[in-house]
There are 2 protein chains.
Amino acid sequence: MKIGEASELSDLPAKTIRYYEEIGLVQSDRLDNGYRDYGKQQIHKLRFIQRSRSLGFTVEQCRTLLSLYDDPDRSSADVRALAESHLEEIEQKIQELAGMRDTLSQLVKSCQGDHRPDCPILNDLAGSQ
Amino acid sequence: MKIGEASELSDLPAKTIRYYEEIGLVQSDRLDNGYRDYGKQQIHKLRFIQRSRSLGFTVEQCRTLLSLYDDPDRSSADVRALAESHLEEIEQKIQELAGMRDTLSQLVKSCQGDHRPDCPILNDLAGSQ
DNA sequence: TCATAACCTTCCTGTTTGTGGAACGCTAGG
DNA sequence: CCTAGCGTTCCACAAACAGGAAGGTTATGA
């Protein structure tokens with residue numbers, strides 16, 4: 001099947017699929033006319049990547065996950081460790097964003113938001129605590 | 001004062017300060033030897049940007065915030081609108097990350113994490129629901 | 001049969017926000 | 001006079017694609 005169908009089945013843009021090939025994440029066969037040709041196996045890989053990316057794994061982590069997936073001698077501990085470390089990063093990011101949200105919503109609340117120039121938000125940014 | 005001191009006072013790496021100058025965010029005077037020279041006003045701006053960035057505003061939003069800060073005829077509504085839209089983006093991002101976290105922590109919990117290859121995490125990624 | 005639309009290809013550029021490094025100039029101190 | 005520690009410019013790279021140009025292929029339909 002050609003890249004358009006692969007794109008639909010994997011829920012990845014064709015551009016992205018080509019990019020993944022360029023960086024050596026998923027190969028493709030070629031038809032006589034040079035078009036990319038995908039089989040079941042490759043579609044499966046593409047979906048695997050799509051799912052992994054949607055969980056926030058980086059492309060390099062996806063590469064590792066794929067190689068673990070392909071390795072019958074893997075230990076589930078390796079997979080779990082990768083997932084756990086990713087989970088920690090996510091939680092850290094959430095904390096960071098939550099801090100911003102709290103500060104920012106305080107600032108927004110404190111600002112009248114009218115035609116006048118006085119603005120506690122700008123005052124805060126300017127460091128006039 | 002030279003860029004090293006400006007860096008310390010603004011809590012921004014010298015490289016970053018030069019970058020901000022390159023994109024027209026903060027200018028600098030020059031000494032006879034070509035070294036950048038910063039005054040109180042510029043340090044103030046740098047700190048303003050640093051604070052804004054730490055709240056997650058993009059560089060372009062910082063540019064807007066700076067121009068609002070410099071504009072005596074601004075209306076606080078404009079500032080508030082910018083902050084609110086940024087706040088919404090942050091909240092959206094938090095939601096997204098929280099979704100990842102929930103799914104991922106479920107997966108991590110369900111995985112033994114031992115020497116055996118069986119791994120619910122990989123199974124999930126592979127789409128075997 | 002031919003035109004055209006809808007695919008596909010490669011290649012180049014741009015995005016965002018800096019960081020790292022090379023190669024070099026200036027200056028203060030020992 | 002030499003060296004350390006500043007400063008300068010310029011170039012390359014990072015992640016993960018997206019947009020678009022220029023061109024080849026194929027299916028459809030008049």
Side-chain angles (χ1 to χ4, degrees), chain A residues 1-39 42-43 45-66 86 89-90 93 96-97 100, chain B residues 1-39 42-43 45-66 86 89-90 93 96-97 100:
Chain A
M1 109 195 38
K2 288 178 289 182
I3 201 170
E5 204 178 340
S7 166
E8 283 188 18
L9 291 180
S10 64
D11 201 24
L12 287 169
K15 278 250 165 184
T16 299
I17 298 178
R18 290 195 198 95
Y19 171 68
Y20 287 162
E21 178 173 335
E22 190 186 319
I23 63 173
L25 209 51
V26 184
Q27 294 97 310
S28 69
D29 301 329
R30 294 290 177 138
L31 299 171
D32 288 347
N33 56 15
Y35 286 14
R36 286 173 179 81
D37 185 29
Y38 296 91
Q42 282 124 319
I43 299 300
K45 273 201 177 189
L46 289 172
R47 292 175 65 101
F48 184 101
I49 299 168
Q50 194 280 332
R51 172 79 172 141
S52 305
R53 292 285 297 129
S54 79
L55 288 177
F57 288 101
T58 67
V59 167
E60 285 317 302
Q61 286 172 326
C62 290
R63 198 189 296 276
T64 304
L65 286 169
L66 269 180
H86 177 46
E89 280 170 27
I90 287 178
K93 213 167 237 175
E96 198 181 330
L97 287 170
M100 293 180 189
Chain B
M1 104 196 41
K2 287 178 289 183
I3 200 169
E5 203 178 343
S7 166
E8 284 190 17
L9 291 180
S10 64
D11 200 26
L12 287 170
K15 277 250 165 182
T16 300
I17 298 179
R18 290 196 196 95
Y19 169 69
Y20 287 161
E21 179 172 334
E22 190 186 321
I23 63 172
L25 210 52
V26 184
Q27 294 98 312
S28 70
D29 300 329
R30 295 287 178 141
L31 299 171
D32 287 346
N33 56 14
Y35 287 13
R36 286 173 179 80
D37 184 30
Y38 296 91
Q42 281 124 320
I43 300 299
K45 273 200 178 190
L46 289 172
R47 293 174 64 101
F48 184 101
I49 298 168
Q50 194 280 333
R51 172 80 172 140
S52 305
R53 292 287 295 129
S54 79
L55 288 177
F57 288 101
T58 67
V59 168
E60 286 316 303
Q61 286 173 326
C62 290
R63 199 189 297 275
T64 303
L65 285 169
L66 268 180
H86 177 46
E89 280 170 28
I90 287 178
K93 213 167 236 176
E96 198 181 332
L97 289 170
M100 293 179 187

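All chains are named by letter (A, B, ...) in the order of the sequence lines, taking the proteins before the strands, and each is independently numbered beginning at 1. Small disclaimer: the values here were computed from a predicted structure and weren't measured. Below, all heavy atoms of this structure are taken into account, side chains as well, without hydrogens, waters or symmetry copies.
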Between A:Glu96 and A:Lys93 (salt bridge meaning N to carboxylate O under 4.0 Å), is one present in this structure? no
Starting at atom CG of A:Asp32, determine the distance to atom C1' of C:dT9, rounded to an integer number of angstrom. 15 Å
Applying side-chain contact (heavy atoms from CB on, under 4.5 Å) between A:Ser7 and each of A:Leu12, A:Thr16, A:Ile17, report the one that passes. A:Ile17
Could you go step by step and tell me if B:Glu22 and B:Arg36 meet the salt bridge (Lys or Arg N to Asp or Glu O under 4.0 Å) rule? CA-CA 13 Å; B:Glu22 190 186 321; B:Arg36 286 173 179 80; over 6 Å; no
Between A:Glu60 and B:Lys2, the residue closer to the 5' end of DNA chain D by nearest nucleotide is B:Lys2
Residue whose closest nucleotide on DNA chain C lies nearer the 5' end, B:Val59 versus A:Gly34: A:Gly34
Between B:Glu5 and B:Lys2, does any side-chain N to carboxylate O distance fall below 4.0 Å? no
Atom pairs under 3.5 Å, N or O on each side, protein against nucleotides 24-27 of chain C: can you list them with distances?
unit_1 : atom_1 : unit_2  : atom_2 : d
C:dG25 : N2     : B:Tyr35 : OH     : 2.6

OP1 or OP2 of C:dG18 less than 4.0 angstrom from a side-chain nitrogen or oxygen of B:Arg53, does that happen here? yes
How would you label the contact of A:Ile23 with the nucleic acid (heavy atoms, under 4.0 Å): base, sugar-phosphate, or nothing? nothing
Could you tell me how far apart B:Lys15 (NZ) and C:dT16 (C1') are, to the nearest whole angstrom? 17 Å
Quick one: A:Glu21 CD to C:dT10 C1', roughly how many Å, whole number? 12 Å
B:Phe57 atom CZ is separated from C:dT17 atom P, nearest whole Å, by 13 Å
With rounding to the nearest 0.5 Å, note down the distance linking CG in B:Leu66 to CG in B:Leu25. 5.5 Å
A:Tyr19 OH - C:dG14 P separation (whole Å): 18 Å
Rounded to whole angstrom units, what separation is found between the CD atom of A:Glu5 and the C1' atom of C:dC7? 13 Å
For A:Tyr38 and C:dT9, give me the distance from atom OH to atom C1', rounded to whole Å. 12 Å
Starting at CZ of B:Arg63 and ending at P of C:dT16, how long is that distance when rounded to a whole Å? 11 Å
Smallest separation among heavy atoms of A:Ser28 and A:Glu21, with atom names: OG-OE1, 2.9 Å
Please classify the nucleic acid contact of A:Arg18 as base, sugar-phosphate, or nothing, using heavy-atom distances under 4.0 Å. base
Please test A:Phe57 against A:Thr64 for side chain to side chain contact (heavy atoms under 4.5 Å, CB included), starting from the C-alpha separation and ending with a verdict. CA-CA 10 Å; A:Phe57 288 101; A:Thr64 304; over 6 Å; no
Atom CD of residue position B:Glu8 - does it have more than 12 heavy atoms of other residues, nucleotides or ligands inside 6.0 Å? no
Locate the shortest heavy-atom distance separating B:Arg53 from B:Cys62; write the atom from each residue and the value. CD-SG, 3.7 Å
Contact interval (first through last nucleotide) of DNA chain D with protein chain B, 4.0 Å heavy-atom: D:dC6 to D:dT9
